[in-house]
Engineer: 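The structure under discussion is supplied below as structure tokens; questions concerning it will follow.
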There are 2 protein chains.
Amino acid sequence: MARLPFSPEAIARAEAARASTPPAAIDPRVEALVNQLIGRVADKWTMLVLEALAEHGLLRFTALARAVPGVSQKMLTQTLRQMERDGLITRIVHPVVPPKVEYRLTKLGEGLGAAFCGVWIWAEENLVEVEEARRAFDERAADV
Amino acid sequence: MARLPFSPEAIARAEAARASTPPAAIDPRVEALVNQLIGRVADKWTMLVLEALAEHGLLRFTALARAVPGVSQKMLTQTLRQMERDGLITRIVHPVVPPKVEYRLTKLGEGLGAAFCGVWIWAEENLVEVEEARRAFDERAADV
DNA sequence: TTCTATACTTACCGAATGGAGAGTGTCGAT
DNA sequence: ATCGACACTCTCCATTCGGTAAGTATAGAA
């Protein structure tokens, strides 16, 4: 993102984690689980919700719907449930009428946000290069 | 990953990129493009191919198929085409019979691999925590 | 002559994804 | 009495994803 919603502390934590990673521990079962977890977590809406919450701190349902452009109610609910189940966000229900529900990131969610920061930056920095590569590729394909 | 397939140089480059990121440049169109690019790039097979190539350097089609467990020919071809189009990999065709085609990461692809490294490490480090969160969530749900 | 290896491509089909839109329950305001 | 706000939930439908299986082209081996 141009707008970097993750705190310097969160990034520092992520970097510390990276630095302290043990060099070798090749367990295929762990590998499979990690792949699965990444598949779960690296989806469009999850990443956008993550960003919105990292930026605003505390949001209720409709505010979140506005903050995540293009999301449908269905997808937002679904994404929020999954993220809650995975321990990435906390859901705070105020038993009032009309209903009021607030969402915020947990420590775990903040950590993930920081980890994704690198990818976001990569995308931002290499956007043009990727677009050029695509143009070149399509041109080559058109020649044939 | 337990196995970290990305070179220290690539990681260093990614970290340098992060450090030098300008603090504010909020263009919603860029934002949309970045989101789109991430959606394109953060998919299961792309990430597994990225990892396999980072680890082995140079692989031909059937070797890749073996290195990426569970991938079908169709998905592998599709993924490789997309990655080539996006400039993440180079496809080297040797005009011999039987055909011989080799794939390797470009600089761009290496950069993306390094960027994803953080997410991978996060997943590895927080796997247990996520699983606990899920268990707790499901228990709470069962109570109701 | 038939078989094998390689790197695909194409056709088909079921499963999963995800959007649109309507319905739900309750309370306060009009 | 009806309406709107809120946070969903449910149903229907189109699109996409992804697997299986078969086909293609070519040369050397059996």
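Remember, it's a predicted structure, so these values are computed and weren't measured experimentally. Proteins come first, then strands; the chains are lettered A, B, ... in the order of their sequence lines, and each starts at number 1.
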Engineer: Using the test side-chain contact (heavy atoms from CB on, under 4.5 Å), find all partners of B/Gln36 that sit at least two apart in sequence or belong to another chain.
Structural biologist: B/Leu33
Engineer: Enumerate the side chain to side chain donor-acceptor pair (under 3.5 Å) contacts for residues 87-103 of chain B, please, sequence neighbours excluded, ordered by first and then second residue.
Structural biologist: B/Arg91-B/Tyr103, B/His94-B/Glu102
Engineer: When every nucleotide of nucleotides 16-28 of chain C is labelled 5' to 3' by its protein contacts under 4.0 Å (heavy atoms), B for base, S for sugar-phosphate only, - for none, what sequence of letters results?
Structural biologist: --BBB-B--BBS-
Engineer: What residues, two or more places apart in sequence or in another chain, satisfy side-chain contact (heavy atoms from CB on, under 4.5 Å) together with B/Glu132?
Structural biologist: B/Val128, B/Arg135
Engineer: Any side-chain heavy atom of B/Trp45 sitting closer than 4.5 Å to one from B/Leu76?
Structural biologist: no
Engineer: Which residues end up grouped with B/Ile92 if you chain together Ile, Leu, Val, Met, Phe, Trp and Tyr wherever their side-chain heavy atoms are less than 4.5 Å apart?
Structural biologist: B/Leu58
Engineer: Quick one: list whatever passes side-chain contact (heavy atoms from CB on, under 4.5 Å) with B/Met83, sequence neighbours left out.
Structural biologist: B/Thr46, B/Val49, B/Leu50, B/Thr79, B/Leu88, B/Ile89
Engineer: How sharply is the helix from C/dT1-D/dA30 to C/dT30-D/dA1 bent, taking the axes over five pairs at either end and rounding to 10 degrees?
Structural biologist: 30°
Engineer: Taking the side chain as every heavy atom from C-beta outward, state whether A/Asn35 and B/Trp120 have any pair of such atoms under 4.5 Å apart.
Structural biologist: yes
Engineer: Apply the hydrophobic cluster definition, ILVMFWY joined by side-chain contacts under 4.5 Å directly or through others, and give me every member besides A/Phe137.
Structural biologist: none
Engineer: Could you pull out the closest heavy-atom pair between B/Val41 and B/Met47, with the gap in Å?
Structural biologist: O-CG, 4.2 Å
Engineer: Between atom CG in B/Leu80 and atom C1' in C/dC8, what is the gap in whole Å?
Structural biologist: 11 Å
Engineer: Applying a 4.0 Å non-hydrogen cut-off, can you work out what A/Thr62 is touching in the nucleic acid: base, sugar-phosphate, or nothing?
Structural biologist: sugar-phosphate
Engineer: Taking heavy atoms of chain B and a 4.0 Å limit, find me the 5'-most and 3'-most nucleotide of DNA chain D within that range.
Structural biologist: D/dG18 to D/dA27
Engineer: Side-chain contact, heavy-atom cut-off 4.5 Å: B/Trp122 with A/Val34?
Structural biologist: no
Engineer: Side-chain N or O of B/Arg60 less than 4.0 angstrom from OP1 or OP2 on C/dT6?
Structural biologist: no
Engineer: Find out if a path of hydrophobic residues (ILVMFWY) with successive side-chain heavy-atom gaps under 4.5 Å connects B/Leu53 to B/Val93.
Structural biologist: yes
Engineer: Taking only residues at least two apart or on different chains, which pairs with a member in residues 32-47 of chain A satisfy salt bridge (Lys or Arg N to Asp or Glu O under 4.0 Å)?
Structural biologist: A/Arg40-A/Asp86
Engineer: Expressed as a whole number of angstroms, how long is the span from B/Arg66:CZ to C/dA5:P?
Structural biologist: 12 Å
Engineer: Return all side-chain donor-acceptor pairs below 3.5 angstrom for residues 60-75 of chain B, not counting sequence neighbours, or 'none' if the list is empty.
Structural biologist:
residue, atom, partner, partner atom, Å
B/Arg60, NH2, B/Pro99, O, 3.3
B/Ser72, OG, B/Met75, N, 3.3

Engineer: Does anything in residues 81-95 of chain A reach DNA chain D, meaning a heavy atom under 4.0 Å, and if so which residues?
Structural biologist: A/Arg81, A/Arg91
Engineer: Give a yes/no on whether any side-chain N or O of B/Tyr103 is located under 4.0 angstrom from OP1 or OP2 of C/dA7.
Structural biologist: no
